[in-house]
Amino acid sequence: MEFARLAEAFEKLEAKTSRLEMTADLAELLNGAPESQIGKIIYLLQGVIAPPHRGIELGVAEKLCIDALATVTGQTERAIEASYRKTGDLGGTARLLLEERKQRSLGASQLSVAKVHDNFYRIATASGQGSQTAKTRLLAELLSNASPIEAKAITRFVTGRLRLGVGEATIIDSLSYAKAGDKSLSKELERAFNLSSDLGLVAETLYREGMHAIRAFKPTPFNPIRPALAERLPSAAEIIGKLGTCLAEGKYDGLRLQVHKSGDRVEIYSRRQEKITHMFPDVVAAARRQIKAKDAIFEGEAISYDEETGRFQAFQETIKRKRKHGIGAKQKEIPLYLFAFDLMYADGKDYTTVAFAERRAALKALVSGKGLIELSKAVAVKTPAELDAFFEECVNAGLEGVMAKDLKAPYVAGSRKFAWIKLKKSYAEGLADTLDVVVVGYYYGKGKRTEFGLGGLLTAVRAEQRFKTIAKIGTGFSEAQLQELRDYLTKLKVPKKPDNVDSLLEPHAWVKPELVVEVKADELTQSEMHTAAKTGGRGLALRFPRLMRIRYDKSAKEATTEKEARGLYESQKTH
DNA sequence: TGTGCCTGCCC
DNA sequence: ATTCTGC
DNA sequence: GCAGAATGGGCAGGCACA
């Protein structure tokens, strides 16, 4: 299939907001494509080259894409960046630049979907010395053969911002529409996707073999399963109101691992289905020793602990296990527990369809002996008071909060249905760390935010007469607030960094440090990039910062101080 | 050989 | 991760 | 309530270049 058809379909999809219409358009596109191309088209629609567990990543994003555009158009990188800043969309910039060229370069050839996908694959697999040049050249080759609209699609793909308004759910619906004319097949297609994590494979199977093959998908070791996700609620009362009696589990602030075992072979997958076995030889060994089934798929949270005190360590420590080299040493330095919390498959039995109570019981029977793998801390609760008490206990033990799970629910991927609900300290009113920080700069923003001229704020705490950065804020703004803030900050704009601001970061615009905003965060972390309370090369930053409100009523003098920030950091249970 | 930039992926 | 918005 | 698109801090790895 010609790539132009796909690029034109992208244009149509982007212009629409009705998912029903998008679904119809997509179904038409798929039915017009040759069977052999279906998988590739689905991957391109998802913005990927292959399913995540294949580990095929472009290794090219914004900067290298700008390099390639510079090569193709003869423009300077600076000029391209300037245009990008205006459009908020590097794809839009690519399109504009190619429209300025009167015609395609001499000897340009028609791009096909296969050619584009193949070049992406070659970009992804280029490595070693000279690979950056090779990647840029492969991308430039595509762009020089592309029409403006094709270049836009290619650029958006490469920068990971397709912005079609089309996600997995819409693609699944469109597959159903393509074959049945309605959503009647969506449920079964979704299940096949959940069990394989490979939408291209699902689509190809549907087109080649039909629904009987889709229904045959089942949990299989070494095919990662899409993880169940949790909703959030702010109080124990609301959670009990929703679930009634439920199982409350400790929420460990670590890495979510999906462990697959068949005989002696063990593989481990991340929450987003990346294969990460090599990072956890200790977990592999423990799975071989402690899991009393030939075949099994289960999930747990890996978290590091201090061997001397036995206390759990901060996420920043656990994440250091996420590495390729020097695993042996890190394994000793950062010992882990794996707190198992769910079971999807064991020795031929599909547990994804059975009630959580039964899964949990089977999991308990599956894990044997003392070792790295333990069951997550859990207790059945009937009342908000019981849930609150367990929550307190968990937080005091250094956990993030609790997860409440419907004992009757099957294992359902995705965030729907409120089968799992999480409760964190920061969700509750008055319990979270809230700071009044001073805006010292702002960023222009991309995509939708471009129209407001504001993507985020650079903010700081006060230290005597100086302002030291503690967080960028990029979420929590309503569109009205974006507009309002941009109008207000434009008036405070100054041409360069004020002398009394300490910052390692360079926002798009500096402002006089006057406006105060209230920001909520889950915790404070040590930071190399922020200057607040800096000692020995590390400052403090906010984890998960979000805007709560604009405090026109407060002056910068009344903002949270560096000292207060340090106090908040010191009072945390883990650090 | 060291360092800084870029990228991808954890949360 | 959190949050907002159109459907 | 779902689905999608904005955005955060911070870790390691890989490459280019001084």
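In what follows, every chain begins at residue 1, and chains take the letters A, B, ... in the order their sequences are listed. Heavy atoms only: backbone and side chains are in, while hydrogens, waters and symmetry mates are out.
Between A/Lys320 and B/dC11 there is no side-chain N or O to OP1 or OP2 distance below 4.0 Å. The phosphate of B/dC11 (OP1 or OP2) has no side-chain N or O of A/Arg272 nearer than 4.0 angstrom. For the OP1/OP2 pair of D/dT7 and a distance below 4.0 Å, the side-chain nitrogens and oxygens of A/Arg161 include at least one atom meeting the criterion. Here A/Gln316 reaches the OP1 or OP2 of D/dC11: one of its side-chain N or O atoms lies under 4.0 Å away. In this structure, A/Thr170 reaches the D/dG4 phosphate: one of its side-chain N or O atoms is under 4.0 Å from OP1 or OP2. Between A/Lys324 and B/dG8 there is no side-chain polar atom (N or O) within less than 4.0 angstrom of OP1 or OP2. The phosphate of C/dT2 has neither OP1 nor OP2 within less than 4.0 Å of any side-chain N or O from A/Arg546. Phosphate contact (OP1/OP2 of C/dT3, side-chain N/O of A/Arg232, threshold under 4.0 Å): present. Side-chain nitrogen and oxygen atoms of A/Thr525 include at least one within less than 4.0 Å of the OP1 or OP2 phosphate oxygen of D/dG10. Here A/His530 does not reach the OP1 or OP2 of D/dG10: none of its side-chain N or O atoms lies under 4.0 Å away. Taking 4.0 angstrom as the limit, A/Ser527 places none of its side-chain polar atoms (N or O) nearer than this to OP1 or OP2 of D/dG9. Contact between the side-chain N/O atoms of A/Tyr443 and the OP1/OP2 oxygens of D/dG8 is not found at any separation under 4.0 Å.
When heavy atoms are screened at a 4.0 angstrom cut-off, A/Ser127 is found touching the sugar-phosphate backbone but no base atom. In this structure, A/Arg538 reaches the sugar-phosphate backbone alone: every heavy-atom distance under 4.0 Å involves primed, P, OP1 or OP2 atoms, never a base. In this structure, A/Gly160 reaches neither bases nor backbone, as no heavy-atom distance under 4.0 Å exists between it and the strands shown. Nucleic acid contact class of A/Gly456 (heavy atoms, under 4.0 Å, all strands): none. Residue contacts for A/Lys424: at a heavy-atom cut-off of 4.0 Å it reaches the sugar-phosphate backbone alone, with no base atom in range. Among the atoms of the strands shown, none is found under 4.0 Å from any heavy atom of A/Lys135. Counting any heavy atom pair closer than 4.0 Å across all strands shown, A/Leu547 reaches no nucleic acid atom. When heavy atoms are screened at a 4.0 angstrom cut-off, A/Ile276 is found touching the sugar-phosphate backbone but no base atom. Residue-level contact check: A/Lys183 touches neither bases nor backbone, having no heavy atom under 4.0 Å from any strand.
For A/Lys446, taking side-chain heavy atoms from C-beta onward, the closest of the listed nucleotides D/dT7, C/dT2, D/dG10 is D/dT7. The side chain of A/Arg271 approaches B/dC11 more closely than any other nucleotide in the set B/dC11, C/dT5, D/dC15. Across D/dA6, D/dG10, D/dA16, the shortest atom-to-atom separation from the side chain of A/Met529 is found for D/dG10. Listed nucleotides B/dC11, B/dC9, C/dC7 differ in distance to A/Glu57; the shortest reach to its side chain belongs to B/dC9. Of all nucleotides listed (B/dC10, D/dG4, C/dT2), D/dG4 comes nearest to the side chain of A/Ala169. Among D/dG9, B/dC11, C/dT2, the nucleotide with an atom closest to any side-chain atom of A/Arg543 is B/dC11. With D/dA12, B/dT7, C/dT2 as the candidates, the nucleotide lying closest to the side chain of A/Asp522 is C/dT2. When the nucleotides C/dA1, B/dC10, B/dT7 are ranked by their closest atom to the side chain of A/Lys251, C/dA1 comes out on top.
We find the CD-CZ distance between A/Gln132 and A/Arg137 to be 12.5 Å, quoted to the nearest 0.5 Å.
Rounded to whole angstrom, the span from the CG atom of A/Leu435 across to the P atom of D/dG8 amounts to 18 Å. Here D/dG10 presents its P atom at 10 Å from CG of A/Leu505, a figure rounded to the nearest Å. Here B/dG8 presents its P atom at 7 Å from CG of A/Leu58, a figure rounded to the nearest Å. Here the P atom of nucleotide D/dA12 and the CD atom of A/Glu333 are 10 Å apart, to the nearest Å. Rounded to whole angstrom, the span from the CG atom of A/Asp67 across to the P atom of D/dA16 amounts to 12 Å. The separation between A/Lys520 atom NZ and C/dT2 atom C1' is 10 Å, rounded to whole Å. In this structure, A/Gln526 atom CD and D/dG10 atom P are separated by 9 Å, rounded to whole Å. Distance A/Leu504 CG to D/dG10 C1': 14 Å, rounded to the nearest Å.
With the nearest nucleotide of DNA chain C identified for both A/Glu479 and A/Lys422, A/Lys422 has the one nearer the 5' end. Comparing A/Phe477 and A/Ser18 by the nucleotide of DNA chain C whose heavy atom lies nearest to each, the residue mapping closer to the 5' end is A/Phe477.
Only A/Arg19, listed by number, bring a heavy atom of residues 19-27 of chain A to less than 4.0 angstrom from any atom of DNA chain D.
Under the 6.0 Å cut-off for aromatic ring centres, A/Phe312 and A/Phe339 qualify, their centroids lying closer than that. Ring centroids of A/His508 and A/Tyr442 are separated by 6.0 Å or more, keeping the two rings apart.
The closest donor-acceptor contact from the side chain of A/Lys520 to the backbone of A/Ser426 lies under 3.5 Å.
Between the side chain of A/Thr475 and the base of D/dT7 there is no donor-acceptor pair of N/O atoms closer than 3.5 Å. For A/Lys322 against B/dC9, a side-chain N or O and a base N or O form a donor-acceptor pair under 3.5 Å.
Each of A/Lys424, A/Lys425, A/Lys251 was scored for a salt bridge (charged side-chain N to carboxylate O under 4.0 Å, His left out) with A/Asp522, with one residue passing: A/Lys424.
Heavy atoms from other residues, nucleotides or ligands lying under 6.0 Å from CZ of A/Arg272 number 12 at most.
Applying the side-chain contact (heavy atoms from CB on, under 4.5 Å) criterion to A/Ser186, with sequence neighbours excluded, gives A/Ile172, A/Asp173, A/Ser176, A/Lys183.
Salt bridge absent: A/Lys377 and A/Glu249 never bring a charged side-chain N and a carboxylate O closer than 4.0 Å.
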> Could you walk me through whether A/Asp89 and A/Thr87 pass the side chain to side chain donor-acceptor pair (under 3.5 Å) check?
Replying inline: CA-CA 5 Å; A/Asp89 169 20; A/Thr87 58; 5.8 Å; no

Which donor-acceptor pairs under 3.5 Å do side chains of residues 50-69 of chain A form with protein atoms, sequence neighbours excluded?
| residue | atom | partner | partner atom | Å |
| --- | --- | --- | --- | --- |
| A/Glu62 | OE1 | A/Tyr84 | OH | 2.9 |
| A/Glu62 | OE1 | A/Lys446 | NZ | 3.1 |

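In this structure, A/Arg232 forms a cation-pi arrangement with A/Tyr427, its terminal cationic atom sitting closer than 6.0 Å to the ring centre and no more than 45° off the ring axis.
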